[in-house]
Amino acid sequence: MAPKKSKGDGEEKAKPLTTQTSSRVTRSMDRRTRSATQQNGAKAAAGSVVTKEVKVASPKRKKKPSTETGRAKKAKKEEEEASQEVEKDEKEEEAAEVEDSTKPKIVIEHCKQCNAFKTRAIQVKEGLEGAVPGVTVTLNPEKPRRGCFEIREEGGETFISLLEMKRPFAPMKALDMEEVIEDIIKKIK
């Protein structure tokens, strides 16, 4: 900072600057390096100023156990309902599998790399379920292959098989899905 301007008269002489020592202590001033520690050994620890950090205990609110709060109860109920629904679905699927041995089962395997696969797979599924009564359509029963779009009958004929496609997935996007659905319906019946 620059010294104060003197008045034009020159009466006030420039006062010598005095430096004030800062009362501020930073962490870097308190820090000791490894070399300083090794040189001074244990003597440095005894000679240095020891500062104690005192933690003031702040009053903390007692929290209710999570089982008592409304959120936890609601979450628990939702989990129980979801698990019951899953169990019901599994039982229904098992019963459907036992009863539907004569009904056609279609498997649509689509890559998860891009939503274009998923969109077309859902479109085919809805089209087949709406047109053919009693058909069972499953999407990705196992982990799908990369760049794959395949529609096949379980344990039988393959209707469409587009494998190892690279972006921008031109062969799949060139398909007219309505025609594909009609062809599959004709082959099933």
Side-chain angles (χ1 to χ4, degrees), residues 26-28 31-35 55 58 60-189:
T26 62
R27 282 181 267 144
S28 62
R31 188 179 304 144
R32 292 182 12 193
T33 60
R34 273 188 265 152
S35 57
K55 290 186 179 179
S58 61
K60 293 183 180 179
R61 290 188 289 153
K62 291 184 180 179
K63 291 185 179 180
K64 292 181 181 179
S66 61
T67 55
E68 294 178 15
T69 61
R71 290 182 192 165
K73 287 181 183 177
K74 189 174 183 180
K76 226 181 208 182
K77 286 180 184 176
E78 290 175 0
E79 288 177 13
E80 290 174 3
E81 290 172 2
S83 64
Q84 290 173 356
E85 289 176 14
V86 168
E87 290 174 4
K88 288 179 185 177
D89 291 341
E90 289 175 358
K91 289 178 183 177
E92 290 174 3
E93 288 177 10
E94 290 174 5
E97 288 177 9
V98 172
E99 296 170 5
D100 299 340
S101 60
T102 58
K103 295 182 181 180
K105 296 178 185 177
I106 307 296
V107 176
I108 301 174
E109 182 180 351
H110 66 89
C111 179
K112 293 183 178 180
Q113 183 178 359
C114 180
N115 270 344
F117 291 98
K118 184 179 178 182
T119 305
R120 285 168 173 74
I122 291 172
Q123 185 179 357
V124 171
K125 178 180 179 178
E126 290 172 353
L128 289 175
E129 288 175 343
V132 181
V135 71
T136 306
V137 182
T138 56
L139 300 177
N140 287 344
E142 294 116 28
K143 184 179 178 186
R145 295 170 277 187
R146 183 177 181 156
C148 171
F149 186 76
E150 190 172 72
I151 304 171
R152 63 181 183 271
E153 195 170 7
E154 191 171 288
E157 181 182 2
T158 301
F159 303 114
I160 289 182
S161 182
L162 302 172
L163 302 175
E164 297 178 15
M165 283 187 286
K166 304 287 183 200
R167 284 189 183 270
F169 315 116
M172 181 184 65
K173 290 184 179 178
L175 288 174
D176 182 15
M177 297 313 291
E178 292 177 7
E179 287 181 17
V180 170
I181 294 169
E182 290 174 11
D183 291 342
I184 294 172
I185 291 170
K186 287 177 186 174
K187 290 179 182 177
I188 291 174
K189 291 183 178 180

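All residue numbers refer to positions in the sequence shown, counting from 1. These numbers come from a predicted model, not from an experiment.
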Output every pair passing ring-ring contact (aromatic ring centres under 6.0 Å, His included) with a member in residues 164-189, not counting sequence neighbours, ordered by first then second residue.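 ring-ring contact (aromatic ring centres under 6.0 Å, His included) check on residues 164-189 returns F117-F169.
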
Residue pairs passing the ring-ring contact (aromatic ring centres under 6.0 Å, His included) test where at least one lies in residues 125-160, sequence neighbours excluded: none

Of all pairs that satisfy salt bridge (Lys or Arg N to Asp or Glu O under 4.0 Å), the ones with a partner from residues 175-187, not counting sequence neighbours: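 Every candidate salt bridge (Lys or Arg N to Asp or Glu O under 4.0 Å) pair involving residues 175-187 fails, so no pair, neighbours aside, qualifies.
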
Sequence neighbours left out, what passes side chain to side chain contact (heavy atoms under 4.5 Å, CB included) with [X]? Give chain and number order.
X	answer
I122	K118, E126, L139
K173	A116, R120
E154	K105, V107
N140	E109, H110, K112, P144

Would a 4.5 Å heavy-atom cut-off, applied to side chains only, mark [X] and [Y] as touching?
X	Y	value
I106	V135	yes
M172	M165	yes
C111	R145	no
K103	P133	no

Please identify each residue that fulfils salt bridge (Lys or Arg N to Asp or Glu O under 4.0 Å) with R146, with sequence neighbours left out. none

Where [X] and [Y] come nearest, the two heavy atoms and their spacing:
X	Y	value
I108	K125	CD1-N, 3.9 Å
G127	I185	O-CD1, 4.5 Å
V124	M177	CG2-CE, 3.2 Å
P104	I188	CG-CG2, 3.7 Å

Under the rule for side-chain hydrogen bond (donor to acceptor under 3.5 Å, both in side chains), what residues qualify as partners of S161, not counting sequence neighbours?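 Expected list: E150.
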
Rounded to the nearest 0.5 Å, how far apart are CD of E164 and NZ of K166?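 Taking CD in E164 and NZ in K166, the distance rounds to 7.0 Å.
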
side-chain contact (heavy atoms from CB on, under 4.5 Å) with I151: of I184, I181, T158, V137, only one passes, and it is I184

